[in-house]
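All values below come from the heavy atoms of this structure, side chains included, with hydrogens, waters and symmetry mates left out.
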Amino acid sequence: MMIARIHVTLKASVLDPQGSAVTKSLHALGYDEVTDVRIGKYLEIKIDTTDKAVAEERITEMCEKLLANTVIEKYEFVLMEA
Amino acid sequence: MMIARIHVTLKASVLDPQGSAVTKSLHALGYDEVTDVRIGKYLEIKIDTTDKAVAEERITEMCEKLLANTVIEKYEFVLMEA
Amino acid sequence: MKFAVLVFPGSNCDIDAVKAVEDVLGQPVDTVWHTTADLSDYDCILVPGGFSYGDYLRSGALARFSPVMEAVKREAEKGKFVIGICNGFQILTESGLLPGALRHNDHLQFRCEISPLIVENADTAFTSDYKKGDVINIPIAHGEGSYYADEETIAKLNANNQVVFRYFECDPNGSIERIAGICNEAGNVLGMMPHPERAVHEWLGSADGKALFTSILKSWEGRQRA
Amino acid sequence: MRNEPTPQQIAEEKIYRTFGLNDEEYTKIVSLMGRQPNYVETGIYSVMWSEHCSYKSSRPVLKKFPTQAPHVLQGPGENAGIIDIGDNLAVSFKIESHNHPSAIEPYQGAATGVGGIIRDVFTMGARPIALLNSLRFGEIEGPDNAHNRYLFNNVVAGIAGYGNCIGIPTVGGEVVFDDRYKYNPLVNAMCVGLLTHDEIATGTASGVGNPVLAVGARTGRDGIHGATFASTEDPHSKERSAVQVGDPFMEKLLLEACLELIASGAVVGIQDMGAAGLTSSSAEMASRAGSGLELDMLKVPRREEGMTPYELMLSESQERMLVVMEMGKEHIAEEIFQKWNLEATVIGRVTDDGMLRLKEGDEVVAEMIVTTLVDDAPVYHRPSARPSYLDQTLEFDPASITAPADLNATLHTLLRTPTIASKEYVYQQYDSMVRTSTAVRPGSDAAVVTIRGTRKALAMCTDGNGRYVYLNPRRGGQHAIAEAARNVVCSGGKPLAVTDCLNYSSPEKPEIFYQFEESCAGMSEACVVLATPVISGNVSLYNQSNDLDIYPTPIIGMVGLVEDVDHITTQTFKSAGNHVLLVGPSDTAGISGSEYLRVVHGLTAGDAPALDLHVEKAVQTAVLTAIQSGYVRAAHDLAEGGLAVAVAESAIGGKLGAQLELNTNQRLDEVLFGEAGSRILVEVAPEALAAVEAIFAKEGVSSTVLGTLGGDALEIRVNGETVISEKVAELESTWRGAIPCLMN
Ligand SMILES: Nc1ncnc2c1ncn2[C@@H]1O[C@H](COP(=O)(O)OP(=O)(O)O)[C@@H](O)[C@H]1O
Ligand SMILES: [Mg+2]
């Protein structure tokens, strides 16, 4: 069993309206030291395999096909033994 | 300048319908080895400070107050130099 | 009786709430901007639906820090009537005025339809013109309306009769025990996902929400006499 | 220096071609300017002269639409059209496509489409009161169509996400599934707004010295060259930067701030920065006023450091507007925008030299004559040729088809077809009730939105049948207008005006251009007969991929006036004992071009269904008169699936059975499932029957009493033989369950 920890975030040039709204609120709350907030998705996927190379290939495929839309998002992941 | 990488996820006792939906979709696409998916939020916050201890305290506060709803969510973060 | 309808950036059912108070009760009602710090003039505070702050992060999460929410807390402690509808309910739970949290609907879609509710508690200030067990048709319109609280809290809500409405013979969002609306222990703060202000004329599809407004007026009049 | 190609390089290396300009167009630019354009200027010409902005292929055709009538206050040419509805009230509306972005990022593509059309309407000074849409996807059944389901699901979620958040009810629309759209889904969004005559604002930049402000969101690097992108062939292989993320929350604030600003009376002109962003908004505003503009690029609020004038001018970042204020009144804008937590920044001034001049501080970085950007854009009179496929489709002989033996089963098959099945799955994701003015929600022929403080209401719908247009472009165009108007009439409204979204494949193919020209001519004919001028619209061409052209799909948005809320009518049957009448010709329906022929026999063939515009007009007048006289309990037009499907829909909605009896020489499948224009089903109480029949006779319209309502089953007898007999509840479960069953 392995676990993939995947981060899907908006590409740098793409507007992150959530992030902007949270930045403003943090400033309003007095957290002036905050200069930027970006918000993305975090996924933990358990896969029933022991072959790291295969897992890597399969997770990449899942990201490309379903978990991220690479038109606006990028992804990265790490794999570990569960 | 420091960056906090924050993960906000649903507590284990709270159902994660999004995770279940993604599991289903992955199975439909033929990724039968996937046994579980949990989905949470990932935030990257840039803060203009160099004092790690202060940063840690401030980020904890932001999480408790705003970034996570501790009725249903838990959070964890790491701090690093930007 | 004087009503305040709060307006946060992104509120969008504020006008509907104003119209409902005008049409059903004919009582004075003001819209109050989120930066207002004093609500002591008002007898009932309505936190309307919509998408305050875009519902970014979590619905209600950013609105609860608006200056006006301090005033809402103060007035609620004094026993004034406070109603949170939909996004308003989310704001009240986020600010701790009501227990629990509203999660994404279990089917993950926004759902807008007229939904039957059963009145669980007709003894509150908000429901005295209903009878316990009445089934009323009230619209819902939300994406994050699945009520959650831990077992202990749910038990307490049930024991204190704080569950005011439940969805009846339908489950639009996966709420625990089909909870659609709750009040605080003191009974002066109500939060509900369905929109009574959208059910005040037959031509809107239902007029079953009117009794909620008439109940409040009667409760207030009762207090004035007392 | 910036790392941009020099004017010489652009010319010699033909870099302009990568911008979508051809050699001839480039040469024309050089001669208009009297020099070679630099990089920024080339970019600006390329977007202004793109199909999307210049309508270079479609303009000669669009000019032929009837656009005038006494009640038209603003015709095509502004951000949205406006019509008068009496009592100093006016209605502004427009429809727009977001097909290409939605094909590659369905959620954001659809969401930003909704955002764009809302801005078009509130820039006119109108308060948006309703949204509608029209959608086309490939088939969603079966394991091979997961991508179509993904597109469908996310487009709907994107429309919902934006409209719900901003608090404008989505009250109507339509969805059609056909593999012709599998590579090119269509996403058309319409917005309707309400205003008083004195609130009308326009996009003009007049008054020398007046300040020009950028308001709303900051400019980012997103969506550069989106307009060009919308004008090219294959969205999948092209530049992908043209997809943006929408921020409905920002737009809600922008909407409130802009309406407050317009109400201040200090606004000279206002326009949204849509396709081609700052470029088209500035050029068009100056062009309308015959003025010039001078803008300082350094002052444009930006999201990212280091943005070049090229990027600032071509960015399609969402939720931005360009505003010209009266001189000295900038502070009014600043104060209002500050209250809404938004930025309003002076970025330039109106001039009188007819130039669009861009500076960085003191340095001029681009300088173009405004009229050359707008009026001198090329116009192409594309060759047109009757498509050869028409020879085959017209050869179809209905006699070659055998009607199914089990017509109950056929009815179920049709009700299960996603195009006909209940769209509840879609519209329950839309907040259709916010603003508490929606009297008829999605699920009836046209939606109805009331106007507070009056007894008036507005009926509105979107409609279009690409298959009809494919089979007979001219008549198909007529059908689109006729059906939209008929839907408005069924809800109790008098059709007033049209907005159109013209979705076609490549105009460079003569056969496609023929479809385009002919269908527009058909629409014009119908508009004239039905007295519904075109007041706004949008064109989306190049909807083709992998050698598959979409059906020519003009979508009509129609708005009508309900004089009194008492006239509001829905399609659902109301009471047992009432009569059901078929108004309009009873023998014109045929299976050619029908949904039945497509679904049951797998054929798209024959001519488009019959339609006579003068009969159509008479039927609509007759039914509206009957409704206004208070005699009609329900009205429903006959569309896809014909009589049997229409009756089933009304029965399902009313949870009420009907016993109908027809006598005819036609084939059973023609009678039950055949399609034709000008037919409306009405429910009338027995005591009103004579009066209603008198109205129909007076209008010279035929009507047939089909039978009576009652019981829990739908029964249809033809020439004495029972051909349909089914419990309404069974029909309902088929119809309601079809799409959820495919999607879950
Ligand atoms: N995309 C959509 N958005 C909102 N409402 C829709 C949509 N698609 C269909 N509907 C609603 O479903 C009902 C039936 O649609 P349709 O079968 O296309 O009707 P018609 O044949 O009369 O045009 C209409 O009331 C329409 O408003
Ligand atoms: Mg119809």
Query - Partner set under ring-ring contact (aromatic ring centres under 6.0 Å, His included) for Y39(D), not counting sequence neighbours - result: F19(D), Y310(D)

Query raised in the report: Does NZ belonging to K299(D) count more than 12 external heavy atoms closer than 6.0 Å?
Result: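 Result for NZ/K299(D): open.
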
Requested in this report: Check the surroundings of atom CD in Q338(D): do more than 12 heavy atoms from other residues, nucleotides or ligands lie under 6.0 Å from it?
Outcome: no

Query raised in the report: Can you pull the side-chain hydrogen bond (donor to acceptor under 3.5 Å, both in side chains) pairs that have at least one residue in residues 8-28 of chain A, sequence neighbours excluded?
Result: T9(A)-K74(A)

Query raised in the report: Do side-chain atoms of N69(A) reach the backbone of Y107(D) as a donor and acceptor pair under 3.5 angstrom?
Result: no

**Report entry** Close side-chain approach of P17(A) to V245(D), heavy-atom, < 4.5 Å
**Finding:**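 P17(A) reaches V245(D) side chain to side chain.
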
Query raised in the report: Only one of Q108(D), R303(D), M250(D), Q244(D) clears side-chain contact (heavy atoms from CB on, under 4.5 Å) with L15(A); which?
Result: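 It is R303(D), the one option of Q108(D), R303(D), M250(D), Q244(D) that forms the side-chain contact (heavy atoms from CB on, under 4.5 Å) with L15(A).
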
**Report entry** Part of I72(A) within contact of chain D (heavy atom distance under 4.5 Å)
**Finding:** side chain

Query raised in the report: Which region of E105(D), side chain (C-beta onward) or backbone (N, CA, C, O), has a non-hydrogen atom less than 4.5 Å from a non-hydrogen atom of chain A, or is it both or neither?
Result: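 E105(D) touches chain A through backbone and side-chain heavy atoms alike.
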
